[in-house]
K.L.:
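Before I ask anything, let me first share the structure, which is written out below as structure tokens.
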Number of protein chains: 2
Amino acid sequence: MDERTKPVGRPPNAATSAALKEAALRLMREYGYRKVSIADIASAAGVARQTLYNRWKTKADLVLEAVFEETALVAAEPDAAGEESCRVQLETFLSNVFRHLDRDGDAMRSLIAAAQEDESFQEEFRTRFILPREEMVTGLLRRAQERGEIGRNRDPEFLSTLIHGAMWYRMLNGQVVDAAFAHDIVEEVFRS
Amino acid sequence: MDERTKPVGRPPNAATSAALKEAALRLMREYGYRKVSIADIASAAGVARQTLYNRWKTKADLVLEAVFEETALVAAEPDAAGEESCRVQLETFLSNVFRHLDRDGDAMRSLIAAAQEDESFQEEFRTRFILPREEMVTGLLRRAQERGEIGRNRDPEFLSTLIHGAMWYRMLNGQVVDAAFAHDIVEEVFRS
DNA sequence: TGACTTAGTGGACGCCAGTCCACAAAACAA
DNA sequence: TTGTTTTGTGGACTGGCGTCCACTAAGTCA
């Protein structure tokens, strides 16, 4: 049952998806999500508008994929075998995530906004972005529990909601989300 | 310097604004923010589309005003002279707010979304909705500090961010926001 | 080679938000 | 009554998103 049967028909242009994501990110960062139209992105990538729709359902889907690939580099999963305390690991992780928001925070805000009006994208966003992040945090907090850094009676899922909620709230209200804020959050979570 | 000089020109129809807000709320609750167009609202209120734009800048501004008036009834400010503990007062307040979300949660989500793409509405939303709510919570928490229910070393502003952040995060992710959640939040805030 | 299949192109279309404008309607002032 | 000011109306218009479609391009299969 070899699934890798040779595909029939004209093969998709290999460079096109990368060019579209690159153009999308570049234009977003310069002008902001709202000001950049699908037509702008397609034209910047030198491709027809319909070609973009052949590969992604909406503008939000394209930007999600583009931002996600960047994020994976910046917000690397904390190392389970790390020597540092979980507390330090969490603060480092949050600082990294927050630093990434300096670049793509505007896009993130717009993706969250898009998810509110589009059921299908909400699902996609949740699966590819939110749940993985939550698991990084709850995993770290469970290790913290095993090491005795936080009490057994505390709920990692709930704490993750507090952490991400604080981040979203500040971000969506256009307030600063910086290392000092990360420190305050960690302080609260590890408060004995 | 009497400002209440008799206005010249055709007076605005007194019933129109109320009819538009009523129609907006009713249609939103039945079909959802996204599915209801400005034209739908105007036509349901028996008024020209331009008349709506004469009174509000955008769809979001109209809905904000409509929802705000409802909210003021449900989420009344906790009584500073109340006999109950601040802890109970906070849990009651949050439960009331959360109950209101059953009705207008969809509209709230869409307003938050709209604020992400519209600088001017973001400002309006913040001033009329978010800041008053934050002050209710920080005020309550400060009284809790005076009464010794929470430590002097804790920051009411930061705690308010945690509280509202948790609520937003759950709401924007389509998860349940109920009395049990309110209880968990209060538990965390008043944890000694 | 020719049949088939999939990708890419360009243009038309429907829907909606928000703007603009000319004109009618309702008030007041002289 | 006539002029002035403001509200309300209806229609045209721009620009964006997403869909549809006919046509062309680039591959595989027999």
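This structure is a prediction, so every number in the text was calculated from the model and none was measured. Reminder, nothing fancy here: chain letters follow the sequence lines and each chain counts from 1.
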K.L.:
Nearest whole angstrom, please: distance from the C1' of D/dG15 to the NZ of A/Lys35.
P.N.:
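Interatomic distance, NZ of A/Lys35 to C1' of D/dG15: 15 Å.
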K.L.:
What do the steps show when you test B/Glu188 against B/Arg191 for salt bridge (Lys or Arg N to Asp or Glu O under 4.0 Å), and what is the final call?
P.N.:
CA-CA 5 Å; B/Glu188 171 69 25; B/Arg191 191 168 63 91; 3.7 Å; yes
K.L.:
If you only use heavy atoms from C-beta on, which nucleotide in C/dT6, D/dC17, C/dA25 is closest to the side chain of B/Arg10?
P.N.:
C/dA25
K.L.:
Output the single nucleotide from C/dA17, D/dG18, D/dC21 whose closest atom is nearest the side chain of A/Gln50.
P.N.:
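Minimum distance to the A/Gln50 side chain belongs to D/dC21.
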K.L.:
Apply the test side chain to side chain contact (heavy atoms under 4.5 Å, CB included) to residues B/Lys59 and B/Met28: give CA-CA distance (whole Å), side-chain angles for both, the deciding distance (0.1 Å), then the verdict.
P.N.:
CA-CA 11 Å; B/Lys59 183 172 156 186; B/Met28 295 289 162; 4.2 Å; yes
K.L.:
Atom CG of A/Asp40 to atom P of D/dG16: distance rounded to whole Å?
P.N.:
7 Å
K.L.:
Any side-chain N or O of B/Lys57 below 4.0 angstrom from OP1/OP2 of C/dG18?
P.N.:
no
K.L.:
Among the nucleotides C/dG18, C/dA27, D/dG8, which one has an atom lying closest to any side-chain atom of B/Arg49?
P.N.:
C/dG18
K.L.:
By nearest atom, which of the nucleotides D/dG16, C/dG8, D/dG8 is closest to the B/Pro12 side chain?
P.N.:
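Of all the options, the side chain of B/Pro12 is nearest to D/dG8.
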K.L.:
Find out whether B/Phe181 and B/Val176 are in side-chain contact, i.e. whether some heavy atom of one side chain is under 4.5 Å from a heavy atom of the other.
P.N.:
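With C-beta onward as the side chain, the pair stays apart.
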K.L.:
Please tell me if the side chains of B/Ile112 and A/Gln116 come closer than 4.5 Å, counting only heavy atoms from C-beta onward.
P.N.:
no
K.L.:
Where the side chain of B/Ser37 is concerned, which of D/dC17, C/dA27, C/dA17 is the nearest nucleotide?
P.N.:
C/dA17
K.L.:
For the pair made of OH in B/Tyr33 and C1' in C/dC16, what is the distance, rounded to whole Å?
P.N.:
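Rounding to the nearest Å, OH of B/Tyr33 and C1' of C/dC16 are 12 Å apart.
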K.L.:
Between C1' on C/dA17 and CG on B/Asp118, what's the gap in Å once rounded to a whole number?
P.N.:
12 Å
K.L.:
Could you please name the option among D/dG18, C/dA26, D/dG8 that lies closest to any side-chain atom of A/Ile38?
P.N.:
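The closest nucleotide is D/dG18.
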K.L.:
Applying side-chain contact (heavy atoms from CB on, under 4.5 Å) between B/Leu94 and each of B/Asn96, B/Leu90, B/Thr92, report the one that passes.
P.N.:
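Result for side-chain contact (heavy atoms from CB on, under 4.5 Å) with B/Leu94: B/Leu90.
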K.L.:
Base, sugar-phosphate alone, or nothing: which one does A/Arg34 contact when heavy atoms must sit under 4.0 Å apart?
P.N.:
nothing
K.L.:
If you check the B/Val8 side chain, which of D/dT6, D/dG8, C/dA7 turns out closest?
P.N.:
D/dT6
K.L.:
In whole angstrom, what separates B/Tyr31's OH from C/dC16's P?
P.N.:
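Spelled out: OH on B/Tyr31 to P on C/dC16 is 14 Å.
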K.L.:
Atom CZ of B/Arg55 and atom P of D/dT9: how far apart are they, to the nearest Å?
P.N.:
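My rounded result for the distance is 9 Å.
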K.L.:
Grab the CG-P distance between B/Asp61 and C/dG18 for me, whole Å please.
P.N.:
9 Å
K.L.:
Starting the side chain at C-beta, find the nucleotide from C/dC16, D/dG27, C/dG10 nearest to A/Ala48.
P.N.:
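Of the options given, the side chain of A/Ala48 lies nearest C/dG10.
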